Protein chains: 2
Amino acid sequence: MRVSLRCVAERAGVSDATASRVLNGVDAPVARETRERVLRIAAEIGYTPNLAAKALATGRTKTVALWSVNLRAPHSSQVVYCMRDEIMKNDYDLTISDFKFRVDGALDTSRIISWPVDGVIAVDLPRGDVPGLSNSLLGGKPLVSIGAYVLENVDHVYVDFAPMSAAAVRHLHSVGCRRIAYLVPNWFEWFRSADDARLRGYETAIEQLGLEPEFIVTENEVRAAVGPVLKSHIALHGAPDALFCFNDNMTIAASRALREVGLIPGRDVKLVGCDGIDDSADFYPPLTTVVQPVEEMCAVAWTFLARRIKDPDIPVQQMTLTAKLEIRGSSTGDF
Amino acid sequence: MRVSLRCVAERAGVSDATASRVLNGVDAPVARETRERVLRIAAEIGYTPNLAAKALATGRTKTVALWSVNLRAPHSSQVVYCMRDEIMKNDYDLTISDFKFRVDGALDTSRIISWPVDGVIAVDLPRGDVPGLSNSLLGGKPLVSIGAYVLENVDHVYVDFAPMSAAAVRHLHSVGCRRIAYLVPNWFEWFRSADDARLRGYETAIEQLGLEPEFIVTENEVRAAVGPVLKSHIALHGAPDALFCFNDNMTIAASRALREVGLIPGRDVKLVGCDGIDDSADFYPPLTTVVQPVEEMCAVAWTFLARRIKDPDIPVQQMTLTAKLEIRGSSTGDF
DNA sequence: AAGCTTTCTGAAAGCGCTTACATTTCACAC
DNA sequence: GTGTGAAATGTAAGCGCTTTCAGAAAGCTT
């Protein structure tokens, strides 16, 4: 029923091979007249190639998988969106997948491995073992990872939060804060077991400034998880001067919780988040945040992937980018 | 290099056919002993099926494409996320695509058509012709659409904004507003040419209440497009009492713009948006919004698609769901 | 006019898998 | 011991496309 290459070829009175040459090869030696006839007929009967067949025949698809752990999180969708532009700009197709953590915190890679793509880009791959991953090849497919956790032996674009986390704490200190708490999720025992650069930056700065570290630990990074913990912390210990938040999403949740206990976020309690999500500037108060250099991350990731697709045997490629502190009303109180 | 079915079969000393039967058919007649041997060997050498080959051989993939026009928009990602759960719950795989409008406002469907999937679910398909779409088949593939615009001849889950838009306007009237403007994007001459149910609801209610309609039209629905237009409108005509916004995303942008000209959103100018995005409750002021019944939409969409995959010839399936007005501080001033 | 290129086209194999059909084996009934 | 059917397995074709190789046609050169 579907119109296949053969249909086109038959109508045009040529062999499959010639039709294929016309439809793909730009520089294939085909008579001008033949080429035009084939193209015309293909358009007439609305031929679209069967990608599965193509993939099987060539072993390539000109498609990459973009793999995100939680598409709904504003930051992920920001990266995914930008990466998508980068991929399509380079004339590749893409398919996006959203993989939740499994119950035990591991990832199920089997589905994506069998999918016919030339490579995969993983956004915010969690620290820990990914089954089938070795030397930047995931089940034999080139893989590049983007994220804020160190990963070894994998092509990886690493955003180092440490320097700017420290800067954020110093900034909060400079506007008068002395009790600066770190609001952080602890899903799957992540906290402390992972090498959280934010934590490193935070602790370094706190120590240098001679302050006491203070932690407010939520079960995970979902907004609903923040309010109750924060409110009970405040009830028990009183409110800190400032909250350094694991990400902007949590900042937003914290902001709401503060209001619910009668505190004004940005005035009574200063806030700094991480990521630089789209909302940060539009929120009220406008959020001070440690911004990830998303466009640069994506550009580098693509370079890495393109290289590895061309030659799977090149050595591991890694690059560290630094984040940037963007100061707004939520930490200055000026809004 | 890849381990194929043949590798498994050879090692197990059986034919490809038998190996295939073991690996797929639950109820295929294979000797217990053989079955166990094949399974063991497949696991040992880490066999993963080649989906392209499978797709080619069977014509099916147990995969559906989830197609969104703008993944980065909070509302789209909400629907995509929920739809993803629904699809995976039903033991199908999915691949997500994000298609921007082309310059002329049309959509490029060719890529997705050739991709080996059993069906596609399109979120917020724009009104207008979609190439290759006829009778719920997109290039021969089952298609179900989810969205707030009427589409004929297509399996479609329609969210009717009209009643709740009218309710929103009446609500604003009841809290004392008399100048209620509609803040709406006009990308690609969309406004007025599309059958915008929000507009219908708005105009109906405005007329019934004996008020004057007032339009603030932005170039598109991107946040950056809102501020300048809104501010110059206010400079020219003064501020309205209330803004009924095309979506929550625009409400957030409007909120910021209002503050920038010294007005307090929710007090000086009441706000109602549409969609019910995740942010709406956490925003300050909390946003009154016309919520789409996302979970129900997704459940129905899946039912439609499953039916059509099973039998492409069934008559067109359509369902209309109604939105719900969720009242919060941005319209009551109580926050 | 013979020989040599160059240009164009077709035949055929094969990518990894499924599946209809054929075949073998075996247990059981007569 | 023959016949029958069920159970288990193998054979082979084919899904739609690409690509190698070889052959045909046409244009040169001498």
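Keep in mind that this is a model prediction, so the values were computed, not measured.
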Is the shortest side-chain N/O distance from B:T18 to OP1 or OP2 of D:dG10 below 4.0 Å? yes

Is a side-chain N or O of B:R308 found less than 3.5 angstrom from the main chain of B:P315, in a donor-acceptor match? yes

Within the structure shown, what part of the strands sits under 4.0 Å from B:A17 by heavy-atom distance: base, sugar-phosphate, or nothing? base

Counting just side-chain N and O atoms, does A:S4 come under 4.0 Å of either OP1 or OP2 of D:dG16? no

Side-chain contact check for A:A57: nearest option of D:dT18, D:dC21, C:dT18 is D:dT18

Does D:dT18 have its OP1 or OP2 closer than 4.0 Å to a side-chain nitrogen or oxygen of A:N24? yes

Any A:R60 side-chain nitrogen or oxygen under 4.0 Å from OP1 or OP2 of D:dT19: yes

For B:R32 and for A:A19, locate the closest nucleotide of DNA chain D by heavy-atom distance; then report the residue assigned to the nucleotide nearer the 5' terminus. B:R32

B:A31 side-chain proximity, nearest of D:dT18, C:dC17, D:dA8: D:dA8

Ignoring backbone atoms, establish whether A:K54 has a side-chain N or O less than 4.0 Å from OP1 or OP2 of D:dT18. yes

Gap between atoms CG and C1', on B:D16 and C:dC15 respectively (whole Å): 13 Å

Would you mind classifying the nucleic acid contact of B:S15 as base, sugar-phosphate or nothing, using non-hydrogen atoms under 4.0 angstrom? base

In terms of ring plane angle, is the pair B:W115 and A:W115 parallel, tilted or perpendicular, where the classes change at 30° and 60°? tilted

Has B:E36 got more than 12 heavy atoms of other residues, nucleotides or ligands less than 6.0 Å from its CD? yes

For D:dT9, does OP1 or OP2 lie under 4.0 Å from any side-chain N or O of B:T34? yes

When the distance from CG of A:L56 to C1' of D:dT19 is rounded to whole Å, what number comes out? 14 Å

Please check if the number of heavy atoms outside B:E44 that lie under 6.0 Å from its CD is greater than 12. yes

Quick check for you: among D:dC21, D:dT9, D:dC17, whose closest atom lies nearest to any side-chain atom of B:R21? D:dT9

